[in-house]
Structures are given as C-alpha cells and as structure tokens.
Amino acid sequence: MIGNFTLLPGFENPLLWILGVPLGSAGFLAVLKDWRVAAWVNVLASVVTFGSSLLLITVRPEPTRLLFIDDFNVYLVVLTAFVGMTTAVFSAAYIARESEAQRLSDLHLRFYHSMYQAFLFTMLLALTANNTGVMWVAVEAATLTTVLMVSLYRTREAIEAAWKYFILCSVGIGLALFGTTLVYLAAQPVMGDGADAMAWTLMIKRAHDFQPDLLNLAFVFVLVGYGTKVGLAPLHAWLPDAHAEGPTPISAVLSGLLLNVALYALLRFKMVIAANGNTLTPGPLLVVMGLSSLFLSAFMLYRRGDIKRLFAYSSIEHMGVITFAFGMGGALANFAGLMHMTMHSLTKSAIFFAVGIISQNLGTKRIAAIRGLTQSHPVLGWGFVLAVLAIAGLPPMGVFMSEFLVLSSTFARQPLLAIPLAIGLLLAFAALVARLQSMAFGEPPPHSHAHGRAGPLSTALALTPLWVHMLLVLVAGLYLPKELVAWFQHVAGFLG
C-alpha cells in the first residue's frame with residue numbers, strides 16, 4: 001500500500017486543492033475577458049491540480065461519507081490530473097491558432113476555458129466520491145460540460161453531434177441511476193438508511209450480506225448505463241461524432257480521461273457484486289461487450305475518411321480490450337487492464353495532439369487530403385508516426401506490453417477466447433498501419449499551411465506534450481519501476 005498517513009483537516013488536505021482549484025478556476029475563467037490570459041490561467045490551474053494529486057502518493061486523507069482515496073482511485077486521480085495538465089498546455093497553442101483563424105469568438109474562448117476546468121472538476125469528483133449518488137451526479141455533470149464543449153463551433157454538424165451525445169449518454173446515465181438505486185435497496189436492509197448504504201468503503205465490507213437478486217438486476221442496468229459512457233458496442237454511437245466535431249483538446253480528454261472515469265464507476269460496482277458469493281459472475285458480460293467493441297471498431301477503422309473519427313473508433317477498440325481484461329479477472333489480467341488504461345490515456349491523447357496540429361496546418365480532417373507529413377512537417381510527422389504505431393501495439397511501446405499481458409493471461413486460462421482477441425487486435429493493427437502509410441509518407445499536398453505558419457514558440461508549445469507522452473509510453477514498454485509494479489499487483493488483487 002502506498003502510504004497511510006492521516007492529514008489534518010483544512011488546507012493541508014490535498015483533496016481540497018484537487019477539487020477546489022478546478023472548481024474555483026472555472027468560475028474565475030467564466031468572467032475573465034482576455035482569452036490569452038485565460039489560456040495561461042487554465043494551464044496554471046491544471047499544474048496546481050496535478051501537483052496536489054502527487055501528494056496523494058505519500059499521504060492520504062481519512063475517508064468521509066462523501067470523499068475517499070484508496071490505492072485504486074489514487075492512480076486514476078494522478079493520471080487524470082497529468083493528462084489534464086498536458087492537454088491544457090497543448091490547448092493554449094491550439095486555441096490561439098483557432099482564434100487567429102477566427103473560428104472562435106472571444107466569448108466562445110472564455111466559455112471554453114471555464115468549461116475545461118469544470119470538466120476536470122467533475123471527473124476528479126467522480127473518481128474521489130465515496131458516495132454512489134455523488135459519483136453519479138459527477139458523471140452526469142461531466143456529460144453536460146462536454147456536451148457544451150462539443151458544440152463550441154456552433155456548426156450544424158457540431159450541434160447535431162452534441163445533441164446525439166447528450167441524448168444517448170443521458171439515457172445511459174439514467175439507466176445507471178436506476179442501477180445505483182437498486183444497489184442502495186440491496187444494501188439498505190444491511191447498512192441501514194442514509195449515506196452508509198451508499199459509501200463504497202462501507203459497502204464493500206458487508207456486500208456478502210446484500211440481497212443477491214437485486215444486485216444481479218442492478219449490475220445489468222449499471223453495465224448498460226455506464227457502458228454507454230465508456231463507448232462499448234453497441235452503445236457507442238455518440239462517441240465518433242463527439243470526437244470529430246468538438247475542439248481537438250476536448251477529443252484528447254474525452255478519449256484519454258472520461259472513458260476511464262466511466263469504466264472506473266463500472267468496476268466499483270463490479271467489486272461489490274463480486275464480493276457477494278450468491279450473485280451472477282459479471283466477468284462473462286464484460287468479456288462479451290469487450291470483444292464486440294474490439295471487432296466492431298477493428299472493421300470500422302477500414303472505412304473511416306475523417307482522421308478524428310478514425311481515432312475515435314480506435315478508442316472504442318482499446319476500451320473493449322480493457323473491458324475484456326477486467327472481465328477475465330485474475331491478478332495478471334487485472335494488472336494488464338490497469339496498465340492498458342494508463343497506456344491508452346497517454347498514447348491516445350498524444351495522437352489527438354498531433355491530429356489537432358495536422359488539421360490546423362492542412363485545414364482539413366479528411367484522411368485522403370493528408371499526405372507526406374514526414375516531409376512537410378518532420379517533427380510533427382514522425383511524432384504522429386510514433387504515436388500511431390504505439391496505439392497499434394507495436395513493440396517496444398507500453399501498449400504492446402499491456403496487450404501482450406492480456407493475450408498471455410487469456411491463453412493461460414481460456415485459450416479459445418484468446419483466438420478472437422488476437423484476430424481483433426491484428427485487424428485493428430493492419431487498419432491503422434494502412435491508414436498511417438498514406439498520411440505519413442508520399443508526396444505532401446501543395447498547400448500544407450491553410451491557417452498560416454505558426455511561430456516556433458507556438459509550435460514547440462503544441463508539440464511538447466506529444467513528445468512527453470510518447471517518452472513515458474516508451475519507457476513503460478521497456479521498464480516499469482518495481483514500486484509501480486507492486487502497486488499494480490496490489491490493486492489487481494482486490495479488483496477480483
């Protein structure tokens with residue numbers, strides 16, 4: 001276990017900073033008129049949030065009925081704060097170029113920065129909530145903030161994508177609320193009325209006494225509800241549109257962070273179900289949805305003409321692999337699932353960083369119009385190549401290592417399931433490599449700077465998060481510190 005120290009109440013508690021900084025910044029940015037200053041306030045707030053999250057590695061606040069930190073969510077809090085920080089840095093350069101191209105007004109820019117911090121707050125609240133109801137409210141609030149940002153450009157396509165996202169995810173979250181209510185009803189006879197019957201830290205200790213029939217029914221609703229938010233097939237229809245039409249930094253945090261938050265909520269309920277020996281086994285349901293997501297996205301990758309939609313389907317693929325791993329369960333598969341969550345977050349956000357710069361430079365998202373990136377933009381082009389090969393699962397990157405662990409654990413326990421898993425991964429790999437060849441190599445188009453050439457400082461600012469993420473993914477594929485391995489093993493053990 002990583003640390004077990006009790007903090008004094010007040011400002012010494014990192015959770016107050018982790019939640020208070022983004023919430024307070026959202027309000028401040030809503031009234032700050034100068035978008036250039038707002039962009040750097042957004043970065044500063046994200047840096048403070050990430051710094052505060054690092055304190056949780058060595059010190060832990062005592063759990064309350066509303067908030068708690070344990071070995072599972074501390075890792076996701078740090079990951080979310082880190083990717084939120086690097087995306088804020090990328091966003092500062094990206095939004096500046098959008099303003100220069102007059103695609104966003106000053107009012108829209110003020111709104112964007114405010115909603116960005118509000119979005120970080122809702123995700124961090126969902127991860128740290130010790131109350132099933134508070135977690136549900138936080139996930140719903142995350143939906144509302146991202147709906148507003150997806151529609152930021154106010155085009156017909158963006159508004160349509162935002163409405164589809166809002167309607168489908170609201171239905172899903174509504175089903176998750178019903179499942180949450182059923183869990184409360186199953187816990188109430190044992191835990192009593194009130195917050196105790198909704199606190200994760202208390203429920204997990206007495207889950208073996210809960211009513212199993214209600215838990216079985218609850219998990220079906222929770223799986224469909226939060227599974228919609230994860231983007232699992234066949235509940236994925238909102239995800240490609242939302243990624244394609246919103247600002248690219250939002251696509252990065254949607255794929256890299258929000259999908260993890262929804263899966264985290266689902267896994268918390270799975271832990272309660274698994275702690276009751278008389279309930280159904282949730283693993284097979286997760287395995288089926290994971291494989292269906294993998295195969296659907298693998299085939300859809302061959303038919304995408306929009307670069308952002310292409311990598312949106314790649315996100316569905318990888319969330320399917322992660323869900324499959326947690327469905328298999330066991331120490332090794334859970335270890336692989338945790339590692340893959342981390343590697344996917346870092347790699348996919350890096351890909352969207354590259355995609356954002358590419359679409360700004362070329363003035364298009366059409367794959368057919370993107371050619372010769374390694375010649376026209378060498379640093380960007382080769383960074384894009386490295387990121388795509390990483391997400392495709394090429395060694396020695398961290399994604400390859402986590403996928404290899406998923407495959408090897410499946411071969412050891414269920415060899416017949418490993419065959420379709422391997423086929424799905426190979427299909428997705430081939431699709432991404434085929435798409436990459438046409439975009440990265442060949443003769444570049446005659447006009448490769450539709451929005452004008454950015455200055456060296458702006459370009460370096462936009463590219464730095466991409467290379468930082470890829471360095472981390474490369475290091476993770478070659479070497480994991482023994483402390484991190486021990487932590488993954490510990491968490492994998494109590495995930496069931």
Side-chain angles (χ1 to χ4, degrees), residues 71-76 78-79 230-232 255-256 259-260 262-264 266-268 270-271 274 281-295 297-298 314-348 390-426 428-429 472-496:
D71 283 347
F72 185 18
N73 64 3
V74 67
Y75 130 81
L76 287 172
V78 174
L79 178 63
V230 177
L232 298 176
S255 271
L259 303 185
N260 281 355
L263 184 58
Y264 164 83
L266 182 57
L267 291 176
R268 281 291 181 189
K270 175 181 178 286
M271 291 167 62
T281 304
L285 292 174
L286 296 176
V287 166
V288 169
M289 293 194 76
L291 280 178
S292 65
S293 301
L294 172 60
F295 273 93
S297 56
S314 174
S315 293
I316 297 172
E317 172 212 345
H318 286 279
M319 295 313 294
V321 173
I322 295 167
T323 302
F324 177 92
F326 288 122
M328 288 297 299
L332 184 57
N334 286 336
F335 182 103
L338 291 167
M339 184 175 179
H340 203 66
M341 286 177 78
T342 308
M343 295 301 104
H344 175 255
S345 293
L346 294 173
T347 310
K348 187 55 61 63
I391 205 65
L394 197 71
M397 309 304 284
V399 177
F400 165 78
M401 185 59 66
S402 57
E403 288 182 346
F404 177 79
L405 290 175
V406 175
L407 268 173
S408 59
S409 64
T410 307
F411 268 116
R413 296 174 54 195
Q414 296 288 342
L416 292 179
L417 283 177
I419 296 173
L421 176 64
I423 293 173
L425 290 173
L426 288 174
F429 176 85
L472 291 173
V473 173
L474 175 61
V475 170
L478 297 173
Y479 171 74
L480 281 178
K482 62 180 181 180
E483 294 83 5
L484 187 59
V485 172
W487 178 86
F488 273 128
Q489 291 172 337
H490 173 70
V491 177
F494 70 74
L495 282 177

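Along the sequence shown, the residues carry numbers beginning at 1. This one's a predicted model, so the numbers in the text were calculated from it and none came from an experiment.
Contact of the Ser315 side chain with the His344 side chain is registered, since non-hydrogen atoms from C-beta on lie closer than 4.5 Å. Side-chain contact between Val475 and Leu472 is absent, with no heavy atoms from C-beta onward closer than 4.5 Å. Contact of the Lys270 side chain with the Leu286 side chain is registered, since non-hydrogen atoms from C-beta on lie closer than 4.5 Å.
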Show me the donor-acceptor pairs, under 3.5 Å and distance only, between side chains in residues 317-330 and residues at least two apart or in other chains.
from	atom 1	to	atom 2	distance (Å)
His318	ND1	His340	NE2	2.9
His318	NE2	Ile391	O	2.9
Thr323	OG1	Met319	O	2.7

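In this structure, CG on Leu294 lies 11.5 Å from CG on Leu232, to the nearest 0.5 angstrom. For the atom pair CG of Leu259 and CD1 of Ile316, the computed distance is 9.0 Å after rounding to the nearest 0.5 Å. Separating the CG atom in Leu332 from the CD atom in Gln489 is a distance of 9.5 Å, to the nearest 0.5 Å. Here Leu338 contributes atom CG and His490 contributes atom NE2; the two are 11.5 Å apart, rounded to the nearest 0.5 Å. Rounded to the nearest 0.5 Å, atoms CG (Leu474) and CG (Leu346) are 12.5 Å apart. Atom CG of residue Leu484 and atom CZ of residue Phe488 lie 4.5 Å apart, to the nearest 0.5 angstrom.
Minimum heavy-atom separation, Ser345 to Leu79: OG-CD2, 3.8 Å. Closest non-hydrogen pair, Leu407 versus Ala418, comes out as CD2-O, 3.8 Å. Minimum heavy-atom separation, Pro415 to Phe411: CG-O, 3.4 Å. Scanning all heavy atoms of the two residues, the minimum distance from Phe429 to Ala392 falls at CD1-O, 3.2 Å. Of all heavy-atom pairs spanning Ala298 and Ala428, the tightest one is CB-N, 3.9 Å. Annotation for Ser402 and Ala336: closest pair O-CB, 3.8 Å, computed over non-hydrogen atoms.
Formation of a donor-acceptor pair under 3.5 Å by the Tyr75 side chain with backbone atoms of Trp487 is not found in this model.
Considering Leu425, Leu421, Ile419 as possible partners of Ile423, the one that fulfils the side chain to side chain contact (heavy atoms under 4.5 Å, CB included) test is Ile419.
Counted by atom type alone, Ser255 and Lys348 present zero donor-acceptor pairs between their side chains at under 3.5 Å.
In this pair, Phe72 and Tyr264 present their aromatic rings tilted. The plane angle is within the 30 to 60° band.
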